[in-house]
K.L.:
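One structure coming up, written as structure tokens, with questions to follow.
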Amino acid sequence: MIHLNVQEAAEFVRANGLDGSFDAAFVLGTGLGPLVDELTDAVSLPYAEIPYFPNSGVSGHAGRLVAGMLEGKRVLLFQGRAHYYETGDAGAMRVPVALVKELGIPVLVLTNAAGSVRAHIRPGSLVAINDHLNLSGANPLLRDHTEGRFVSLTGAYDEDLRKILQAAARKAGIDLPEGVYAWLSGPSFETPAEIRMTQILGGDLVGMSTVPEVILARYYGLKVAAVSVVTNLAAGIEGASPSHQETKDTAAEASDRFKRLIRSFVAELSHV
Ligand code: HPA
């Protein structure tokens, strides 16, 4: 069933000017959508027009698919995502992720705004995710009955892509520590006790997205990388009490550095 849906979405996208091949796809998180303004020869489609695409209703998320050129490469940008906390469905991004596979795009880079669980990782920092903790209790592959559901997540955050990210960061003069991202469902922010738990369990960042997309991307055999923009200290750290507004504001402030990192990454990307 899902197979058919994806083919329909792919046909629609191709028929509306987003045809040809792409070097990489990016999902842009809260406040990171302005990367689309960097593209030349951009063509875009609202999610609402694409068959079987989710609605993306959270403020800071535009809900558009944009194709264009960046640093001499052709990229596909998902400006906005659907979340588990909006839909109750951890597989809300299944069709968009499957579309990346269907269009033959080898690399998917997921980006998000995240809280820092470690006081030394300050708001405004960029972090390359190297592993995750799924603390949500949900999984996008629940009720999937294929053999593929038993997907391995060892090495899910592709080592080659992480090396390219590091090289890109060095060239751009940007500090890019690596860290473990903990997914909690939201939409309420965590309690200080939950953040202390996350620290003890080995999390460095906390957020409400990305992990289901990583699981889906590995299910479809895509190479995955993920980058967080740290927008705040997580609940209770130095007395923090995060807000969505703070998240959006800090992501916007870090946006220039984020754009430079992604540009540099795309420039480094040879066909994988
Ligand atoms: N918690 C969860 N999600 C987030 C946070 C946070 O502190 N900041 C940005 N997204």
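The shown structure was predicted, so the numbers you read here are calculated from the model rather than taken from an experiment. Note that ligands are numbered from 1 as they come in the structure, with each ligand's atoms numbered from 1 the same way.
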K.L.:
What are the atoms of ligand 1, with element, lying closer than 4.0 Å to any heavy atom of Thr231?
P.N.:
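That gives atoms 8 (N), 9 (C) of ligand 1.
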
K.L.:
Salt bridge between Arg257 and Asp175, side-chain N to carboxylate O under 4.0 Å?
P.N.:
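Salt bridge between Arg257 and Asp175, a charged N being under 4.0 Å from a carboxylate O: no.
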
K.L.:
Classify the ring geometry between Tyr47 and Phe78 as parallel (under 30°), tilted (30 to 60°) or perpendicular (over 60°).
P.N.:
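Taking Phe78 first and then Tyr47, their aromatic rings sit tilted (interplane angle of 30° to 60°).
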
K.L.:
Please determine which of Thr198, Leu133, Thr210, Ile129 meets the side-chain contact (heavy atoms from CB on, under 4.5 Å) test together with Leu205.
P.N.:
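Single pass found, and it is Ile129.
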
K.L.:
Less than 3.5 Å between some nitrogen or oxygen of Ala113 and one of ligand 1, yes or no?
P.N.:
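Ala113 vs ligand 1: N/O contact under 3.5 Å present.
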
K.L.:
Give a yes or no on whether a salt bridge exists between Glu238 and Arg122, defined as a side-chain N under 4.0 angstrom from a carboxylate O.
P.N.:
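The answer is yes: the pair qualifies as a salt bridge.
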
K.L.:
Numbering the atoms of ligand 1 from 1, which are under 4.0 Å from a heavy atom of Thr247?
P.N.:
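Within the 4.0 Å cut-off of Thr247, ligand 1 contributes 8 (N), 9 (C).
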
K.L.:
Hey, which atoms in ligand 1 end up nearer than 4.0 Å to a heavy atom of Gly207?
P.N.:
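Result: 2 (C), 3 (N).
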
K.L.:
Relative to the heavy atoms of Asn232, which atoms of ligand 1 are at a distance of less than 4.0 Å?
P.N.:
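Every atom of ligand 1 under 4.0 Å from some heavy atom of Asn232: 5 (C), 6 (C), 7 (O), 8 (N), 9 (C).
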
K.L.:
At under 4.0 Å between heavy atoms, is it the side chain or the backbone of Leu184 that contacts ligand 1, or both, or neither?
P.N.:
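No part of Leu184 is near ligand 1 at this cut-off.
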
K.L.:
Would you say the side-chain atoms of Tyr219 and Thr146 include a donor-acceptor pair closer than 3.5 Å?
P.N.:
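Yes - a donor-acceptor pair under 3.5 Å links their side chains.
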
K.L.:
Would you check whether Phe189 has a nitrogen or oxygen atom less than 3.5 angstrom from a nitrogen or oxygen atom of ligand 1?
P.N.:
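Between Phe189 and ligand 1 (N or O atoms, distance only) the closest approach is not under 3.5 Å.
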
K.L.:
Which bit of Ala235 is near ligand 1, meaning a heavy atom under 4.0 Å away: side chain, backbone, both or neither?
P.N.:
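Answer for Ala235: neither.
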
K.L.:
Using a 6.0 Å cut-off, check whether atom NZ of Lys259 has over 12 heavy atoms from anything other than its own residue.
P.N.:
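Check passes, neighbour count above 12.
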
K.L.:
Should Asp158 and Lys223 count as an ion pair when the cut-off is N to O under 4.0 Å?
P.N.:
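Looking at Asp158 and Lys223, the cut-off is met.
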
K.L.:
Against heavy atoms of Glu190, which atoms of ligand 1 measure under 4.0 Å?
P.N.:
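Listed by number with element, the hits are 1 (N), 2 (C), 6 (C), 7 (O).
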
K.L.:
Rounded at 0.5 Å granularity, tell me how far CG in Leu103 sits from CG in Leu18.
P.N.:
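The distance works out to 8.5 Å.
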
K.L.:
For atom 5 (C) of ligand 1, what's the nearest protein heavy atom and its distance?
P.N.:
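Looking at atom 5 (C) of ligand 1, the protein heavy atom closest to it is Gly115 N, 3.4 Å.
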
K.L.:
Note the single closest protein heavy atom to atom 4 (C) of ligand 1, along with its residue, its atom name and the distance in Å.
P.N.:
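Ranking protein heavy atoms by distance from atom 4 (C) of ligand 1, first comes Val206 O, 3.8 Å.
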
